[in-house]
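Note on naming: letters A, B, ... go to the chains in the order of the sequence lines (proteins, then strands), and numbering restarts at 1 for each one. Because the structure is a prediction, the values reported are computed rather than measured.
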Protein chains: 2
Amino acid sequence: MLTRSAKYAIKALAYLARRPEGGAPVRIGDIAREEKIPQKFLERILLQLNRDGILYSRRGPEGGYGLARPANTIMLGDLIRRIDGPLAPIPCVSVTAYRPCPDCGDESSCGLRLVMKEVRDAMANILDQTSLADMQKRSDAVKGALAETRPTAVKPAHARKPRRSNPTS
Amino acid sequence: MLTRSAKYAIKALAYLARRPEGGAPVRIGDIAREEKIPQKFLERILLQLNRDGILYSRRGPEGGYGLARPANTIMLGDLIRRIDGPLAPIPCVSVTAYRPCPDCGDESSCGLRLVMKEVRDAMANILDQTSLADMQKRSDAVKGALAETRPTAVKPAHARKPRRSNPTS
DNA sequence: TTTATTCCCTATCGATTTAGTAGGGATAAT
DNA sequence: ATTATCCCTACTAAATCGATAGGGAATAAA
């Protein structure tokens, strides 16, 4: 289960992703009000993402937060790992935070581990291939489909060719 | 993340699944010792699964626990839901325990929800199609592959045709 | 029928995590 | 100088997790 922190983080950053790139920074208070997130709670979350280099910030009047990178380079998997920790259901199948089971005799043939590795990979395939921009596109596609005669379905990100993570490279 | 309870439950039931079907019941103490699980802790878990009808039990000397159904009809998804609750990362995409987000304006076009629904479905596709017997088969396949010249790979359960949940029907 | 063994049941407990609040300090635009 | 904003630490109430304690009820075997 996602914690509220991770959920808030994603909603807040999705909000920032909707603003014109390179525009003026946005106040925490505005994000909190629009997305209905407790302000002081959100403050701590954005603070961390700022330290992590996902956000930039400016202090004082006219200050606020903005995305430090283009929205199509910020992956949900990365955000969730930073806030909630590893995606893996059990540590022995985590790629980013592997830890062996203290008791497991032969790890390579542990049935539970084999299944949970599949689960981890399935989650990671989605979350590491879906950016803030992708998420927004899919939301827009649903909204568009309600209004259009010929709805244009947007494929889930993991069914498409992976994007380069840095579009400037 | 799986709780220890769910992990213990699966390991304990996998242990029971390895015994001859219809054989004598197995003591909690034996399972706990073999699988290195705190006995009193395991007791509470098996008690619940007994109430849920997954296990049968017999008291007194020669007593113990056994699977109440064939191992190929007991799905990991079912076990995990009973012990840990819903698979879904957020309640608004849960099939078995749906609850709306209190704040979400238009649920159908919420980008986060669309992505998390994918994640839930990916997890459910694996865990609801993998039985205790499947898990064991995959473990055996790995062990076999280490010994054999031409290893026989066993496909993940969700890539095969779904089995009927009750083989007697 | 007694006794030993096993499951059944409830209560409790310490540690950790979660979800938030409080209260300032540092910085920068006006 | 003033004021708006981010920055930082500490604190807290409640829930959850992982486990232990201490018996009660049933039943097989002596």
For a quick test of reading the model, state the closest non-hydrogen atom pair linking [X] to [Y] and the distance between them.
{"X": "L132(A)", "Y": "A14(A)", "result": "CD2-N, 4.1 Å"}
{"X": "P100(A)", "Y": "E107(A)", "result": "CA-OE2, 3.8 Å"}
{"X": "A88(B)", "Y": "V93(B)", "result": "CB-CG2, 3.7 Å"}

With a 4.0 Å limit, can you tell me whether [X] has a side-chain N or O closer than that to the phosphate oxygens OP1/OP2 of [N]?
{"X": "R44(B)", "N": "dT10(C)", "answer": "no"}
{"X": "R59(A)", "N": "dA26(C)", "answer": "no"}
{"X": "S57(B)", "N": "dC8(C)", "answer": "yes"}
{"X": "N50(A)", "N": "dC6(D)", "answer": "no"}
{"X": "Y65(B)", "N": "dT6(C)", "answer": "no"}
{"X": "R27(A)", "N": "dT5(D)", "answer": "yes"}

Heavy-atom donor-acceptor pair, E43(B) side-chain to dC8(C) base, under 3.5 Å: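 For E43(B), whose side chain was compared with the base of dC8(C), there is a donor-acceptor pair (under 3.5 Å).
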
Any donor-acceptor N/O pair under 3.5 Å between dG22(D) base and K40(B) side chain: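 Indeed there is one.
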
R4(A), nearest nucleotide to its side chain (from dG20(C), dA29(C), dA28(D)): dG20(C)

Residue whose closest nucleotide on DNA chain C lies nearer the 5' end, P61(B) versus R51(B): P61(B)

Looking across every strand, which nucleic acid part, if any, lies under 4.0 Å from [X] by heavy atom: base, sugar-phosphate, or nothing?
{"X": "I28(B)", "answer": "sugar-phosphate"}
{"X": "G29(A)", "answer": "nothing"}
{"X": "Y8(B)", "answer": "sugar-phosphate"}

Interatomic distance, Q39(A) CD vs dA19(C) P [rounded to whole Å]: 19 Å

Inter-residue atom distance K7(B).NZ - D84(B).CG, 0.5 Å rounding: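 With rounding to 0.5 Å, NZ (K7(B)) is 12.5 Å from CG (D84(B)).
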
Nearest-0.5 Å distance, NZ of residue K36(A) to CD1 of residue I31(A): 15.5 Å

